[in-house]
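Contents: one structure, followed by commentary.
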Amino acid sequence: MFLKIKHFKRDFNKWTLLIVALSLFLAIPIFSILISLFSGNGEMWEHITSYFLFDYIKNSAILIFGTGLLTFTIGTSSAWIVAKYTFKYKKVIEWLLFMPLAIPSYIVAYTYVGLIGYGGTFIEILRDFGLSINRIEMMNIYGLIWVLSFSLYPYVYAGTRTIFQSYPSQLKHTASLLGVSNKKYFFSVALPLASPGIIGGMFLVFMEVLNDYGAAKYYGVNTFTTGIFRTWTALEDLQSSIYLSAILVILVFILVLIVKWLRGRRSYNLKQTNAIHKNEIKRTKLSGLKRILYLGILLVPILFGFILPLMQLVIWGIQTFDSMFNYDLIILGLESLSLGLSTALLVVFLACLLIYLSKWNYFKQFNVFSKIATLGYVIPGAIIGVGIIRTSKSLTDLFSFQFNLEIGHLVYNSILVLIYAYMFRFIAVAYNSIEGNTLKLGKNLSESSYLLGYGKIKTFFKIDFPLLKNALISSFVLVLIDVMKELPLTLILKPYNLSTLAVRAYEYAEDERVAEAALPALFLIFLIGTMITLLNYKLKENK
Amino acid sequence: MKILEIENLSKSFESKFEVVSDCTFNIQAGNICAIVGESGSGKTTLFRLIAGLERPDKGTIRINGTLMSSDKFIRDIKDRNVGLVFQDFSLFPHLTVKENIEFGLNKNKDEKVEKLLQTIKMENFPNRYPNELSGGQQQRVSLARSLAMDPDLLLLDEPFSSLDTQLKSKIRQELRDIIKKIGISSVFITHDIIDALEIADEIIFMDNGKIIRQCLIEDVFKEIKDEKIQNNMVELKKNAELILNALKKN
């Protein structure tokens, strides 16, 4: 440390300054919430702790446990079958297994009520068969677990499948030679080795569960996120909603620590011990009864997570087509898309900036700031929204009292504030993906360029950029999808004259006009589905 | 004339342990110098310090009489006029052989590239991509790319480690011929003393971050007391390990 201080003047450069400034700028919502904690609790805090807080904690815990269990079961079983077996229409099924990601979970929640609620499509079919059933109760915490699990299992499926696919056949052969049964091999070798992918996927599921607002609100389940909204909007107590946000942030960090502890110091890298070549990975062809059983296992999540919700949306879409399909809807879709495109572009640019500033900065201790800037993905959108509102309030007060300037209309009704919030929330998506790829590139290529007389920025454009192009495109698409699906943050911060497909679908559903939510939802699914398909195509091309 | 002057150079990373510790040595212009040491002896870090890819904790580096780094000053990598051939060759995978070689050039590109392609005997492959070349060819392209800049000093990081034994001997001689033909001062690091004995004019032995001995190649024989080894070059090569141990003891 002494040496670093001694060399401060020599080693301090503009990149050091920029990384600190940029990271602090991005992390304003978090600092804002932390600082607000010291201003005392709000007027309604006692009321909240007496009547709601226990419910928020209990329900959030049940949701995490329930969705965790279900997504683990669905995600790992389907990943195992896809990775280890070949069967007819495998490519189509693989693609369909990803598709639930295209339907936001709150839209899936509406469709289930349309399917099995009073007068629901499925209920009518059952009645036609002579069954006197009025409805299947969905609008409770168990229904919410069902909906969220079938919407979010692809996170577990994606990470786990990649790991299962990388196992060389010799791993199974070694186990067989040691007399290990198939069942024991799966539970004591394959599954533990896949734990980084499983844990990583489940962590994303938990973050999405905690971030969910639309589905929980619709099903009437009190969670932290619905509580933050209610405290701020219905009880009009911003300070108490900040307190709730702080508790949720603490819970999230406990989850992060648990994930780190679960990962431990063990190595799961097969490359260290086995040379993995494509020809060493063999897949079994499914046949007979096993084929029916395994295909059934794969079709369950596709049916409940994608086909049934989509089918219900299509039915509603046809019913409301004449009244809902109009010029406004097209404009709304284009607005959503352009908001997503511009945000994704900015996010990818900022993620690159954070990564490369960290590389170019000689004081590696300062790189911790870039990690703070990427915390947004583990912080639910509602909290970020509240943090930004809190900052905006301080800013407008400051200008009003100190300079007698009213800037409220600029801050509260600006699309820039919304885009800024998206940037903080989703920068980690792009950051992690691009950083992983820069690590794969190594530093020798850019160092070669420096030695050949190129500066840092020129090297980035001449060497890193062309080699990272695919990673940048993937990150861009992932952020675009996330932005287009995002609901709580958009609801809190959107200017009054701007709407998105996600918000419009939510507003109709909130108004008890669920059928009319179908066309905006279908339009959103169509756009996201197209993005996922394009991304899949690009990734295959990369292989 | 000295091409490289290192004085009291030290570098540590996160831990307090010094990877390069108080190193002082000079290298004469026009010579090929080998820095020999086992894995973890600090030779790669020393190399990176010379190239400007790491920042020293203390000490000074001068190349061709010009100060490159001290406690208060660091010359930017691109202003050092140092060429470095990495162990993995680090050819830009999206550029052809020709584009790789001309990457750092601003003028007379075609003329210079053609000349270098002839020097490295690759004139028939200017449009090939790195993944279409053998290990030896990739190394020659990487060498040509560095030489194109007319550096004052050429650094080669373990230039033979990724080559198989049969190819090694051929490449060693080729490399020496090219370097001597161009007449550039060069330093290379290796863990294999035979590499050093075959192509270097002088050798620096490094252990635990410290320089333990520097001598001209002919003096290596004098350092060893064993007459059999002194009188027979073949024996000398066979007994490389013995030589290294003897030098460490002395």
- Which atoms of Ser69(B) approach chain A - backbone, side chain, both or neither, heavy atom under 4.5 Å: neither
- Taking all heavy atoms of Arg48(B) and all of Glu447(A), pick out the closest pair and write down the distance. NH2-OE2, 2.6 Å
- Message: Within the supplied structure, the quantity of interest is the number of heavy atoms (other residues, nucleotides, ligands) at a distance under 6.0 Å from Glu114(B) CD; does it exceed 12?
- Response: no
- Assess whether atom NZ of Lys469(A) is packed by more than 12 heavy atoms of other residues, nucleotides or ligands within 6.0 Å. no
- For chain A, which of Gly104(B), Gly52(B), Ala148(B), Ser142(B) has the most heavy-atom pairs under 4.5 Å? Gly104(B)
- Measuring heavy-atom distances to chain B, does Lys443(A) have an atom under 4.5 Å in its side chain, in its backbone, in both, or in neither? side chain
- Message: Tell me whether the count of non-hydrogen atoms from other residues, nucleotides or ligands lying under 6.0 Å of CZ in Phe31(A) goes above 12.
- Response: yes
- Query: For Tyr454(A) and Phe103(B), which heavy atoms make the closest approach, and how far apart are they?
  - Reply: OH-O, 2.8 Å
- Task: Measure the spacing between OH of Tyr450(A) and CZ of Arg80(B) and express it to the nearest 0.5 Å.
- Result: 14.0 Å
- Okay, Phe86(B) and chain A: the region with an atom under 4.5 Å from a heavy atom over there is side chain
- Separation between CG (Asp464(A)) and CZ (Phe92(B)), nearest 0.5 Å, reads 9.5 Å
- Task: With rounding to the nearest 0.5 Å, note down the distance linking OG in Ser448(A) to CZ in Arg145(B).
- Result: 4.5 Å
- Query: Hey, is CG on Asn131(B) packed in by over 12 heavy atoms from elsewhere, all under 6.0 Å?
  - Reply: yes
- Message: Please find the pair of heavy atoms, one from Ser90(B) and one from Leu445(A), that lie closest to each other, and give the distance.
- Response: O-CD2, 3.4 Å
- Which value, rounded to the nearest 0.5 Å, describes the distance between Leu452(A) atom CG and Ile77(B) atom CD1? 11.5 Å
- Item | Atom pair CG/CG of Leu451(A) and Leu155(B) - distance to nearest 0.5 Å | 8.0 Å
- Message: Heavy-atom cut-off 4.5 Å, strictly under: side chain, backbone, both or neither for Leu467(A) against chain B?
- Response: side chain
- Message: Counting neighbours of NZ on Lys462(A) that are heavy atoms of other residues, nucleotides or ligands and sit closer than 6.0 Å, is the number greater than 12?
- Response: no
- Task: Using atom types as modelled and distance alone, determine if a side-chain donor or acceptor of Tyr362(A) lies under 3.5 Å from a backbone N or O of Glu54(B).
- Result: no
- Message: Can you confirm whether Ile457(A) is buried at CD1, in the sense that more than 12 heavy atoms of other residues, nucleotides or ligands lie under 6.0 Å from that atom?
- Response: no
- Leu91(B) versus chain A, heavy atoms under 4.5 Å apart: side chain, backbone, both or neither? backbone
